[in-house]
Protein chains: 2
Amino acid sequence: MEMDTAIKRLSAIAQDARLEVFRLLVKAGPDGMAAGEIARNLSVAANTLSAQLLVLSNAGLIRARREGRSIIYAIQYDAMRDLLVFLTEDCCGGRAEMCAPLATIAARCCSTSEGAAHEAPARSRRRR
Amino acid sequence: MEMDTAIKRLSAIAQDARLEVFRLLVKAGPDGMAAGEIARNLSVAANTLSAQLLVLSNAGLIRARREGRSIIYAIQYDAMRDLLVFLTEDCCGGRAEMCAPLATIAARCCSTSEGAAHEAPARSRRRR
DNA sequence: CCAATAATTCGAGAATCATTGAAATATGGA
DNA sequence: TCCATATTTCAATGATTCTCGAATTATTGG
């Protein structure tokens, strides 16, 4: 990934309203949410939100699709994944101080069933 | 982690010079690098760099220690790890689109020896 | 076609941020 | 103590960025 792209994405989420939008859309999943719905959730003006959605879109972190009168925004998982990969590149200059925690993140995510209220099918994954 | 902290850290690395400093220090590892050495590496003025190092410090991403005439900056792995955890929180709103890639990151990191030009002693680590 | 809803674009003003030269502080050695 | 090295602080300037009101575009239903 190019530095330019990474910076674009980082600055996109380095702002309170946009970080909230981002997190909201991460939670919302692939189905996404309409712009108006997002605005209501975060109590931010429609036109302000529009500008912020554009920043996130231009960074490639979210994607818009029209559905009737609404425009639905949804997270782009690949973009986020690429950014995380970029940030952790060369993290092992010989040592594992950073890598070890990464494994923890992966393990915590989707395996700890703390938030598994929505019964994920969970194709048997080997533990630990 | 508080949103404020996350934003502080994200904005800290959402800028070209600082992102380069950050990546350089990630590579450098716990021993860190002197401010002057960083400046030479990135060909940026000492005073400009100083301001940027302060931003990264205030964000908690790096830490300074004096050593003789030099001031050595080193990455703070914990801060970075916490940020990554924060960014991936709630990423599993039921689906694994984002989580699966995370595991890949962890696996790629420290296991793929693609960038192992600096012959890490490699205390026998199981492959793959 | 007209009105209502959903969202975006435009322009301006305020606020924040990055960079620079000049001056200041801290350390180590002669 | 005096000087050179290493780095930071300060103040100013220019560049970005954020937000907001007003106007605009797109879509649906009557």
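Fair warning: this is a prediction, and the values are worked out from it, not measured in the lab.
What separates CG of A/Leu19 from P of D/dT17 is a distance of 18 Å, to the nearest Å. Taking atom CD1 of residue B/Ile38 and atom P of nucleotide D/dA6, one finds them 14 Å apart after rounding to whole Å. What separates CE of B/Met33 from C1' of D/dT7 is a distance of 15 Å, to the nearest Å.
Take B/Glu2 and apply the side chain to side chain donor-acceptor pair (under 3.5 Å) test, not counting sequence neighbours, and it matches no residue. Annotation: salt bridge (charged side-chain N to carboxylate O under 4.0 Å, His left out) contacts of A/Arg66 (sequence neighbours excluded): none.
At a threshold of 4.5 Å between non-hydrogen side-chain atoms, the residues A/Thr5 and A/Leu83 do not count as touching. Contact of the A/Glu20 side chain with the A/Leu42 side chain is registered, since non-hydrogen atoms from C-beta on lie closer than 4.5 Å.
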When you check every protein heavy atom under 4.0 Å of nucleotides 7-20 of chain C, what one-letter string (B, S, -) results, 5' to 3'?
-> SBB--------SSB
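Remark: A/Arg63 CZ to A/Asp78 CG distance equals 9.5 Å, nearest 0.5 Å.
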